[in-house]
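Working notes, structure below.
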Amino acid sequence: MKIDTLAVHAGNHPRRQLGAVSPPIYQTATFVAADTDELMAVNRGEKQGFIYSRLRNPTVMALEEKLARIEGAESAVAFSSGMAATAAGVGAFVKAGDEILSLADVYGGTHKYFTDVLPRQGVTVNWVQSNGVGEIEARITPATRVVFVETPSNPLLHIVDLSALAKITRARDIKLIVDGTLGSPFNQRPLELGADVVVHSASKYLNGHSDLIVGVVVAARAHTRAVRSLQFASGSILDPMGAWLMHRGLSTYALRMRAHNANGMAVARHLEQHPKVQRVYYPGLESHPQHDLARRQMRGFGGLLSFEVRGSGETARRVVDRCQLCGLGPSLGGIECLISQPVTTSHYSVPEATRHAQGIFDNLIRLSVGIEAAEDIIADLDQALEAA
Ligand SMILES: *Cc1c(COP(=O)(O)O)cnc(C)c1O
């Protein structure tokens, strides 16, 4: 079935739920068994059943089934946040003494986790500055267990060639873990390109309504078993109500993604020819340095773009302050437009020299294009650019 259909129906089984078209919310901490034989059979995995909601909950399982099918994966594990998903998605495959290799160009929270937490558990994190496959390969050592990449990246939308990288990691028995939040499965399926594990902040496109913090790990069952076991031990589960809301948010996933893709492209094209705009970063534009690669591994390019205004950081600040429809704030992938200046938000604490080396200048603006009418978004940006 197509993703449009799966987003509506996968994980939902009305005939098993008294005919209800919407999955029930099993708001329960624990479950009772008929007798000790049944309890033991469930414990041993010989009988389908439920014991305790940190281990398994039917509403969360319904969501996990939908998420797995949307990604074309065998299995998915839902988490209380994208960061919890990243922590378990990586943590399940490393132990003290191992090394992981991560792109430096990853989400700020991931960078913090890899810098502050993994080393304390005896895991060495090596950073690669370039997202070129050759440069990544050159940094692999015999102790490397995981290669972690994010594609497209944020805010400059760099792309990693996943099929080429997967050939290298597979040959060395290294897990390739991809943060696929920005691509989202409607536009990009890293597992089909050879990745072993995909993590998402489902707080972004997957839920799409900017009203939940959720994460997910998707992979073959052989991999999610280790991830689930770590989650059971550490407790970073999603609650039944959150799972139900997420299930509902996902029902319109395909519709939303089409709107994000169309609006992202329309706004990027408009900004690219705008006299007050110096440069636009969007993988759907022919001017993006990796446009051909993006076209090969993505089906659409989403709603996140960045642009440099002609002028200073002050000019960019006036643009974001004067926007009316586009709210000034972090996050992305929601139905509403959100705008921010990385230097005052996501990259506020990054030293200037490092930021400049990454290509993030003060006049850069990040825009998450929502599903509003493209004309209205463009009119808002035009009046802000004009006034600034
Ligand atoms: C938001 C985000 C995360 C973290 O997800 P939370 O749901 O906020 O914990 C990780 N990776 C990327 C690319 C993100 O945008």
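When a ligand or atom number is given, it counts from 1 through the structure's own listing order. In what follows, every heavy atom counts, from backbone to side chain, and hydrogens, waters and symmetry copies are set aside.
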Note every protein N or O atom lying under 3.5 Å from an N or O atom of ligand 1, pairing the names and giving the distance.
residue: ligand 1; atom: 5 (O); partner: S201; partner atom: OG; Å: 3.0
residue: ligand 1; atom: 7 (O); partner: G82; partner atom: N; Å: 2.9
residue: ligand 1; atom: 7 (O); partner: S201; partner atom: OG; Å: 2.8
residue: ligand 1; atom: 7 (O); partner: S203; partner atom: OG; Å: 2.6
residue: ligand 1; atom: 9 (O); partner: G82; partner atom: N; Å: 3.0
residue: ligand 1; atom: 9 (O); partner: M83; partner atom: N; Å: 2.9
residue: ligand 1; atom: 11 (N); partner: D179; partner atom: OD2; Å: 2.7
residue: ligand 1; atom: 15 (O); partner: K204; partner atom: NZ; Å: 2.7

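- Judged as a ring-ring contact (aromatic ring centres under 6.0 Å, His included), not a single pair has a partner in residues 159-188 (not counting sequence neighbours).
- Screening residues 278-332 for ring-ring contact (aromatic ring centres under 6.0 Å, His included), with sequence neighbours left out, gives no hits.
- By the 4.0 Å N-to-carboxylate-O rule, D362 lies close enough to R355 to be salt-bridged with it.
- Screening residues 344-388 for ring-ring contact (aromatic ring centres under 6.0 Å, His included), with sequence neighbours left out, gives H356-F361.
- Between K276 and E308, no side-chain nitrogen of the basic residue sits less than 4.0 Å from a carboxylate oxygen of the acidic one, so the salt-bridge criterion is not met.
- Summarising the geometry, atom CG belonging to D196 is positioned 4.5 Å from atom NE2 belonging to H223; distances are rounded to the nearest 0.5 Å.
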